[in-house]
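Step one of this worksheet: look at the structure below.
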Amino acid sequence: TTVDLVKGSVPVIINIAEQTTKGAIEAANKAEKYGASGLMMLPPMRYKSTDRETMTYYSEVAKSTSLPIMVYNNPIDYGIEVTHDMFEELLKHDNIQAVKDSTRDISNITRLRTRFGNRLSVFTGVDTLGMESILMGADGWVAGLVCAFPAETVAVYELAKSGRIQEALEIYRWFLPILELDISPQLVQNIKLAEVATGIGTEQVRAPRLPLEGAERKRVLQILESGLKLRPQLPVLS
């Protein structure tokens, strides 16, 4: 449906979050069949996999598809880290091409870039390190609050990339309290509530997630309300 909707105007990347290698390969094959441009892959879920199991999982999927793969490395939330030595082995597969780095260690952007050069495209996956990661040489930003604040997210990215640091920083400082809604187990509910606040989407989430309620809902709404009152005028981007 998404491929049909965008009609080639942007790449369509499917995220694979499966518990079995068989299921991940099946998802990858369907993605390729229906026109996806690439894959983002979490490590296998539930019980923590060993390094060998993690690498075998990624390798088997890589061998099953011609689509390029972004490895989602989020050891804080998922308890599984794809180390640099593991990447050294995984990059023997030509179609493993990128990493979404959610280690929350800003120096890891530099370490990845230093060790792998341009062989591995490096993206940050942490909204609260978005600008810092770009300045440290990240190729891109897999953002969360972009779903509710696309113009502001793109402005920070474009301004930082073009060296207009002070302009980017002014937006980023305003943005940070909102971006902190991304580093929470309830990030999906937070982002959906932000979409309502900006008139872009709805609060609907898929079970077992449930919409926010009570004190936490009130807290998030206050952050959004305060941010929207001070929403900055964005500069012209070339």
Side-chain angles (χ1 to χ4, degrees), residues 1-3 6 8-127 129-130 133-134 136-144 146 157 161:
T1 299
T2 304
V3 169
V6 302
S9 61
V10 293
V12 176
I13 299 173
I14 183 174
N15 182 55
I16 294 180
E18 294 289 336
Q19 297 176 40
T20 66
T21 303
K22 180 180 179 181
I25 290 173
E26 183 179 356
N29 291 340
K30 286 183 177 179
E32 188 164 5
K33 176 181 177 181
Y34 293 119
S37 304
L39 311 172
M40 184 172 78
M41 283 184 59
L42 277 71
M45 306 289 282
R46 297 262 177 101
Y47 287 101
K48 183 178 179 180
S49 56
T50 65
D51 290 359
R52 185 168 68 93
E53 289 169 336
T54 302
M55 287 193 295
T56 301
Y57 175 76
Y58 277 110
S59 294
E60 290 301 309
V61 177
K63 288 188 290 186
S64 77
T65 180
S66 65
L67 291 178
I69 293 172
M70 172 185 284
V71 173
Y72 183 7
N73 192 22
N74 188 344
I76 291 178
D77 290 321
Y78 299 125
I80 298 170
E81 181 172 7
V82 183
T83 66
H84 293 194
D85 288 344
M86 292 165 70
F87 271 115
E88 196 76 58
E89 290 296 314
L90 290 174
L91 292 180
K92 293 176 181 178
H93 301 282
D94 291 340
N95 60 334
I96 295 183
Q97 297 181 3
V99 57
K100 175 184 175 182
D101 184 80
S102 294
T103 60
R104 303 191 194 178
D105 178 359
I106 189 62
S107 64
N108 202 43
I109 301 294
T110 301
R111 293 191 190 101
L112 287 165
R113 180 61 73 222
T114 300
R115 182 157 180 178
F116 300 110
N118 293 325
R119 170 61 184 87
L120 185 69
S121 295
V122 180
F123 290 73
T124 181
V126 182
D127 273 8
L129 293 176
S133 298
I134 294 163
M136 290 300 102
D139 296 288
W141 176 4
V142 183
V146 68
Y157 173 83
K161 278 286 190 182

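For the numbers below, each heavy atom of this structure counts, side chains included, while hydrogens, waters and symmetry mates do not.
Remark: Leu90 CG to Leu120 CG distance equals 10.0 Å, nearest 0.5 Å. To the nearest 0.5 Å, the span separating CG on Asp51 from CE on Met86 amounts to 4.0 Å. Distance CD/Glu81 to CG/Asn73: 5.5 Å, rounded to 0.5 Å. Rounded to the nearest 0.5 angstrom, Leu129 CG and Ile106 CD1 are separated by 5.0 Å. If you take CD1 on Ile69 and CG on Asn95, they are separated by 4.5 Å, rounding to the nearest 0.5 Å.
Across all their heavy atoms, Pro43 and Tyr57 have their closest contact at C-CE2, 4.0 Å. Across all non-hydrogen atoms, the minimal contact from Glu60 to Lys63 is OE2-NZ, 3.0 Å. Counting all heavy atoms, side chain and backbone alike, Val3 lies closest to Ala36 at CG2-N, 4.2 Å. Closest approach of Ser59 and His93 over heavy atoms only: OG-NE2, 3.1 Å. Residues Thr54 and Ser49 come closest through the heavy atom pair OG1-OG, 2.6 Å. For Ala27 against Glu18, the heavy-atom pair with the smallest separation is CB-OE2, 4.4 Å.
The main-chain N or O of Val61 is found under 3.5 Å from a side-chain atom of Ser64 such that the two form a donor-acceptor pair. Judged purely by atom type and a 3.5 angstrom limit, Asp127 has no side-chain atom pairing as donor or acceptor with the backbone of Ala143. Between the side chain of Asp101 and the backbone N or O of Phe123, no donor-acceptor pair lies under 3.5 Å. Formation of a donor-acceptor pair under 3.5 Å by the Tyr72 side chain with backbone atoms of Ile16 is not found in this model. The backbone N or O of Thr103 sits nowhere less than 3.5 Å from a side-chain atom of Asn108 that would complete a donor-acceptor pair.
Exactly one residue among Arg119, Lys161, Lys100, Arg113 makes a salt bridge (Lys or Arg N to Asp or Glu O under 4.0 Å) with Asp139. That residue is Arg113. In summary, of the residues considered (Asn15, Val71, Ile80), a side-chain contact (heavy atoms from CB on, under 4.5 Å) with Leu42 occurs for Asn15 alone.
For the 3.5 Å distance criterion, the side chains of Ser107 and Asp105 qualify, holding a donor opposite an acceptor. Side-chain N/O atoms of Glu32 and Thr65 include a donor and acceptor closer than 3.5 Å.
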| query | Passes side chain to side chain contact (heavy atoms under 4.5 Å, CB included), His84 versus Leu112? Steps please. | reply | CA-CA 7 Å; His84 293 194; Leu112 287 165; 3.6 Å; yes
| Can you check side chain to side chain contact (heavy atoms under 4.5 Å, CB included) on Val82 and Val99, steps first, answer last? | CA-CA 10 Å; Val82 183; Val99 57; over 6 Å; no
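Phe116 is listed as a side-chain neighbour of Glu88, based on a closest heavy-atom distance under 4.5 Å. In this structure, the side chains of Gln97 and Ser121 stay at 4.5 Å or more apart for every pair of heavy atoms. Residues Asp85 and Glu89 have side chains not in contact (no heavy-atom distance under 4.5 Å, counting atoms from C-beta outward).
Checked for salt-bridge contact, Lys22 and Glu26 miss the test: no charged N lies under 4.0 Å from a carboxylate O. A salt bridge links Asp77 with Arg104: at least one charged nitrogen is closer than 4.0 Å to a carboxylate oxygen.
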